[in-house]
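Taking it in order: structure first as structure tokens, then the write-up.
Order of appearance sets the numbers: ligands from 1, and atoms from 1 within every ligand.
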Amino acid sequence: MRSRNGVLKVDLTIHNFTEADGSTRYCYIDEKGDESPNLRLKPGDLLILHLKDDLKNIGPAAAQSNGMLAHMRPEKDGSPCGGRVMTPTSTNLHFHGLTVPPVCHQDDVLKTLIDPGDPPFEYRFRIPENEPPGLYWYHPHVHGFTKVQVLGGASGALIVEGIERADKAVAGLPERVLVIRDRDLMNPNAPPSKSEPVVPRMLFDRDGDAANTGTGFGKPAKDLSINFVPVPYPDYPPATIQMKPGERQLWRVLNASAITYLNLEVLFNNAPQPLGLVALDGVPLNENGMPSDFVDWQTHLGVPPGARVEFIVQGPPLGVPGLFVTRTVDTGPGGENDPNRALAVITASASAPEPRSTLAASAKPLPPPRLPWLGSVTPVITRRLYFSEKLEDPNNPNSATEFYITVEGQTPKKFDPESGVPNIIAKQGTVEDWIIENRSNELHAFHIHQLHFMLLDYMGRPVNEPFLRDTVNVPYYDGKALVYPSVRLRMDFRDPNIVGDFVYHCHLLEHEDNGMMGMIRVLPAGPEPDNASKRRTSAKSPPRLAGPLCGAAVRSTYHGN
Ligand SMILES: [Cu+2]
């Protein structure tokens with residue numbers, strides 16, 4: 001759905017239903033009956049989205065609701081903007097990656113609750129004029145019920161148009177939006193395919209999902225689908241993508257999974273092909289002033305849940321079979337099994353239909369960013385946070401796991417939606433460094449709403465990644481090293497839109513739902529001049545990329561080439 005005359009009006013209804021196999025699915029349906037439309041807007045455009053809640057109290061959400069009901073924030077006006085009780089049929093929307101205000105009717109998930117019987121709830125905001133062009137997305141974000149709704153399929157892509165204005169290398173290319181979702185296994189009791197090596201152990205983690213086998217094979221924790229075509233265990237029958245022989249396209253891939261990490265490759269005759277990365281998490285790589293046709297060629301791309309990669313792909317030659325796959329990801333001894341599996345076959349034929357959308361061949365370059373490059377701004381403070389996990393009853397290995405993200409010095413505590421007390425207070429106009437440790441034995445994916453950050457250090461060592469992300473892997477602790485694994489992030493609080501209360505959390509949604517979330521309050525810029533953040537430094541000489549781009553994602557999720 002494309003904006004017209006600067007406005008995109010969308011009516012969505014969220015439905016759920018039980019399938020024949022007993023699984024519960026969630027979906028957004030628009031006024032024409034289409035499912036989870038791609039929303040396309042230009043910077044400056046107005047989005048008016050009406051969301052109707054048609055959820056029924058069925059399936060795992062109904063089962064888990066006992067004892068989980070909590071009030072949202074203390075305001076008790078009883079409207080969708082505050083004071084309601086969360087129920088399994090409550091919903092709302094988060095616009096992942098957009099720098100829009102964290103307030104009701106825009107991008108608030110702390111107070112906003114929409115319930116069945118409400119009139120359609122209006123989301124209404126402008127895409128900021130300076131929002132980088134790229135792939136963003138929308139999904140529900142009711143604490144405690146996020147996983148069940150997203151795993152059920154409730155998610156969709158939002159594209160801020162104009163990537164060809166940021167990076168000339170993609171001008172004129174046909175483009176394809178690929179949304180990869182996960183879901184409960186369709187054949188949970190099936191033995192692995194006979195073509196796979198025998199995996200010696202088949203265990204379950206404390207969440208009940210197939211645990212990491214460390215082999216790249218075995219039963220996955222979840223099945224995947226690509227644009228709603230399921231690719232289920234054990235045989236992974238792939239979807240089909242048709243391309244003209246040798247044609248170059250821009251693939252815009254969203255990992256909308258609730259808990260599954262991806263490690264994407266395109267294979268021709270089993271040989272990995274170059275993927276020309278141009279944008280990460282909605283932001284073109286050359287946002288920092290690198291050349292206007294910058295492309296970083298990789299052979300595989302790690303994509304945590306919630307993250308996006310946009311890359312140039314070349315179609316296979318006639319008669320050569322292509323395969324789009326995700327390779328195994330090492331999620332740690334406490335993590336889920338994310339094995340090798342196919343997603344789609346790529347067939348080359350001269351008569352292949354063109355994708356529905358093509359980028360403009362000649363485009364006016366974007367104006368340069370208004371603010372100095374994030375990497376050249378001095379942080380006003382360095383904070384330390386850590387991921388950790390604990391058994392509810394330490395004496396009972398079968399008791400539920402509690403998940404925490406804690407500011408160093410505070411007491412580990414599950415996120416409390418009723419509290420309203422921020423864990424961190426920051427000031428608009430500033431830049432901060434956050435060091436995030438992982439003290440658990442599984443991989444986590446750190447995400448913060450409203451803003452992007454830059455990865456500075458990985459495992460205590462500087463990395464040369466002069467680009468932005470909104471989701472990053474924090475590698476797991478092996479129980480032996482003298483220090484916990486960590487990342488150092490430069491957090492950008494300069495945009496005035498982000499003043500208010502919002503959240504940061506692990507983007508493995510069962511971790512988030514079970515407590516791994518914290519709240520930050522960004523106060524308006526104070527009257528006193530803040531020299532550290534106003535200092536204008538130049539990012540004229542673009543840093544050279546040393547080593548593989550996405551190094552962190554790759555290093556932390558990928559074992560064996
Ligand atoms: Cu996590």
Side-chain angles (χ1 to χ4, degrees), residues 64 94 96 109 139 141-151 155 181-182 204-212 220-222 255-263 281 302-307 329-338 384-392 400-407 412-416 423 434-449 453 455 458-459 469-479 484-487 489 503-520 552-553 555-558:
Q64 79 178 43
H94 169 47
H96 183 126
V109 299
H139 66 82
H141 207 300
V142 175
H143 184 67
F145 299 101
T146 304
K147 174 192 152 188
V148 71
Q149 295 187 11
V150 173
L151 190 70
S155 55
R181 298 173 174 88
D182 62 2
F204 292 90
D205 68 9
R206 292 191 303 252
D207 310 309
D209 303 311
N212 181 16
K222 300 292 174 201
N255 185 0
S257 297
I259 65 169
T260 305
Y261 294 88
L262 300 175
N263 182 7
D281 292 348
V303 196
V329 175
D330 180 6
T331 58
E336 281 81 18
N337 200 32
D338 291 339
R384 290 174 176 274
L385 295 87
Y386 61 94
F387 287 118
S388 62
E389 301 178 9
K390 204 189 86 193
L391 286 176
E392 211 166 56
T401 305
E402 296 197 335
F403 293 83
Y404 315 118
I405 181 166
T406 310
V407 177
K413 229 170 61 165
K414 290 171 72 166
F415 178 77
D416 175 6
N423 302 96
W434 289 14
I435 296 170
I436 305 185
E437 280 180 359
N438 187 346
R439 301 184 184 176
S440 78
N441 67 350
E442 67 175 311
L443 190 59
H444 295 290
F446 174 83
H447 168 59
I448 187 165
H449 289 206
F453 51 78
L455 178 66
Y458 180 84
M459 307 287 275
R469 303 171 182 268
D470 61 34
T471 308
V472 69
N473 286 338
V474 188
Y476 62 87
Y477 181 55
D478 65 2
Y484 293 112
S486 68
V487 296
L489 309 176
V503 294
Y504 51 88
H505 58 88
C506 175
H507 218 292
L508 276 78
L509 299 178
E510 64 192 14
H511 299 176
E512 181 229 302
D513 281 339
N514 286 302
M516 211 169 238
M517 181 152 89
M519 184 184 128
I520 178 168
R555 276 191 297 272
S556 58
T557 61
Y558 191 67

Spacing of Lys222 atom NZ and Leu151 atom CG [to the nearest 0.5 Å]: 5.0 Å
Protein-derived N, O or S atoms lying under 2.8 Å from the Cu ion (ligand 1), waters excluded: 3
Side-chain (Asn438) to main-chain (Ser440) donor-acceptor, under 3.5 angstrom: yes
Other residues, nucleotides, ligands: >12 heavy atoms within 6.0 Å of Arg384 CZ: no
Parallel, tilted or perpendicular, as decided by the 30° and 60° cut-offs, for the rings of His505 and His447: perpendicular
Check: Trp434 ring centre within less than 6.0 Å of Phe453 ring centre: no
Between CG on residue Asn473 and CZ on residue Phe446, distance to nearest 0.5 Å: 12.5 Å
